[in-house]
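In what follows, a structure is listed as structure tokens, so that the remarks can point back to it.
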Amino acid sequence: MKKGLFALSPLMVFIAFYLVTSIIAGDFYKIPITVAFMVSSIYAIVISKGPLVNRVNTYSRGAATEQMMLMIWIFVLAGAFAHSAKAMGSIDATVNLTLSLMPAQMILAGLFIAACFISLSIGTSVGTIAALTPIAAGVATETGTDVALMTAIIVGGSFFGDNLSFISDTTIMATQTQGCRLSDKFRVNIFIVAPAAILILIAYVFMGTEVNSPQQVPAVEWVKVLPYLVVLITAIFGMNVMAVLTLGILLTGIIGILTGSFDIYGWFGSMGEGILSMGELIIVTMMAGGMLELIRQQGGIDFIIRLLTRRVNSKRGAELSIAALVSLVDICTANNTVAILTVGRISKEVGDRYGVNNKKCASILDTFSCTIQGLIPYGAQMLIAAGLASLNPISILPYLYYPFALGIFALLSILFRYPKRYS
């Protein structure tokens, strides 16, 4: 018990250090999240076993896994695209188009629907956030709405599709580990997800009545909207997110030069600024990966699995243990796909032992992993949204209504045994 808690202590140090120092300062912007991760990373290296060089190598290996590096390349491309689009006038033009087509009262609900639809179509929360966050931030500025609220709407909606889409990696991983079909898992999931999404959509409709219309919407420069339209359409048709962002960068350069928004050196400069603006989030991503790899190597994740499965004695208890298992591992890995992969086999064994329907089990794994991933401030989705909106990830947390609602309805589905057919 003590050994397992000790292995998890770097995560506790991070949470305690960041929260305590921020509360003392009375400002969550006062303490850079990079410093909190640096302190907890140094602590993780110090308490780990083995020669120092081996501990540092383990940390470095965790910071530079294939998945981590792929995420960093996406951050680099997203930063370059966002800044070059802003310098070219694409964001302003898209915001003006949004304001001219949509009544102010429906902007919150409209952005949520857009995020849900796009994420469902492309199966990735990161791609949805990269495409829509700059637009949401621009709309917030024009309407006088809180940028953190607008950003949270996009983050929440992006997890709708991440959880439900047939091409989402979490859906594929959950169904593969539990031995069921994608369509079967979807039928279970929709009963959990739909009430949460409808409830939050209604809330956004009512909240939208307080959004003020801008005094005057400038004329829409349609050619400058093209990069975002192309990015959204190609993403919906399943193009790789890195290819989508690269295409967007090329379009901003071509249109920006042709319209005189900047010359080729101005384009290069805007891309460079965008890449540099992602520096903090790239550093946080790598430090989190390194720290979590040390936790895994020291047995922290194995400890969680043993702890949560040793007292299961009923079907409801089995489902709750699977939910807790994938949630805690997601907190420790900051990656919902990895969390499902890590606990998938043990979840199948627990489910089979206590008669849990494998379709329900797959749904629990996917839904709870997406809930937690949508709420942790050091997850890739929150970091990229915060980076593109120039916010502290903690400032977005209070407005993440959909992930909270999704978690509540998922928990209710276990406690009250629904959908009945699969419970």
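Predicted model only: the values in this text are computed from it and were never measured. Numbers here are sequence positions counted from 1.
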Could you measure the distance from the [atom1] atom of [X] to the [atom2] atom of [Y]? Nearest 0.5 Å is fine.
X      : Y      : atom1 : atom2 : answer
Leu164 : Ser363 : CG    : OG    : 8.5 Å
Thr367 : Leu411 : OG1   : CG    : 12.0 Å
Gln373 : Ile331 : CD    : CD1   : 10.5 Å
Gln178 : Asp184 : CD    : CG    : 13.0 Å
Leu406 : Ile200 : CG    : CD1   : 10.0 Å
Ile394 : Met382 : CD1   : CE    : 6.5 Å

Would you say the side-chain atoms of [X] pair up with the backbone N or O of [Y], donor to acceptor, closer than 3.5 Å?
X      : Y      : result
Ser347 : Ile322 : no
Ser119 : Gly157 : yes
Thr177 : Gly344 : no
Asp330 : Ala339 : no
Asn189 : Asn163 : yes
Ser395 : Leu391 : no
Ser165 : Asp162 : no

Considering all heavy atoms, the nearest [X]-[Y] contact:
X      : Y      : answer
Ala7   : Gly299 : CB-C, 4.2 Å
Phe81  : Pro227 : CE1-CB, 4.3 Å
Ala115 : Thr128 : O-CG2, 3.7 Å
Leu108 : Tyr204 : CB-O, 3.8 Å
Met88  : Gly256 : CG-CA, 3.3 Å
Thr151 : Ala389 : OG1-CB, 3.4 Å

Assign the ring pair Phe14 / Phe37 to parallel, tilted or perpendicular, where the plane angle (0 to 90°) is split at 30° and 60°. parallel
Evaluation steps, side chain to side chain contact (heavy atoms under 4.5 Å, CB included), between Lys348 and Arg353: CA-CA 8 Å; Lys348 182 78 166 71; Arg353 185 181 304 172; over 6 Å; no
Side-chain contact test, heavy atoms from C-beta onward, threshold under 4.5 Å: evaluate it for [X] versus [Y] and give yes or no.
X      : Y      : result
Leu365 : Met173 : no
Ser9   : Ile47  : yes
Asp366 : Ser369 : yes
Leu5   : Phe303 : yes
Val139 : Thr145 : no
Leu132 : Leu111 : no
Leu383 : Glu280 : no
Met287 : Met38  : yes

Considering only NZ, NE, NH1 and NH2 on the basic side and carboxylate oxygens on the acidic side, decide whether Glu273 and Lys86 come within less than 4.0 Å. no
Ion pair Glu319/Arg316, N-O distance below 4.0 Å: no
Within the 6.0 Å centroid threshold, strictly below: Tyr402 and Phe112: yes
Check the pair Phe117 / Phe160 against side chain to side chain contact (heavy atoms under 4.5 Å, CB included), numbers first and verdict last. CA-CA 8 Å; Phe117 173 72; Phe160 176 87; over 6 Å; no
Please assess Tyr354 against Ser314 for the test side-chain hydrogen bond (donor to acceptor under 3.5 Å, both in side chains), listing each intermediate value before the final yes or no. CA-CA 6 Å; Tyr354 294 96; Ser314 67; over 6 Å; no
Verdict with supporting geometry, Gln381 and Ser125, side-chain hydrogen bond (donor to acceptor under 3.5 Å, both in side chains): CA-CA 7 Å; Gln381 293 83 353; Ser125 49; 3.0 Å; yes
Do Lys360 and Lys185 pass the side chain to side chain contact (heavy atoms under 4.5 Å, CB included) test, and can you show the C-alpha distance, the side-chain angles, and the key distance before you say yes or no? CA-CA 7 Å; Lys360 180 75 178 288; Lys185 180 257 184 187; over 6 Å; no
Evaluate side chain to side chain contact (heavy atoms under 4.5 Å, CB included) for Met150 paired with Ile107, printing each intermediate quantity in order. CA-CA 9 Å; Met150 287 292 203; Ile107 283 176; 3.6 Å; yes
State, without any angle test, whether Thr252 and Ser84 hold a side-chain donor-acceptor pair at a distance under 3.5 Å. yes
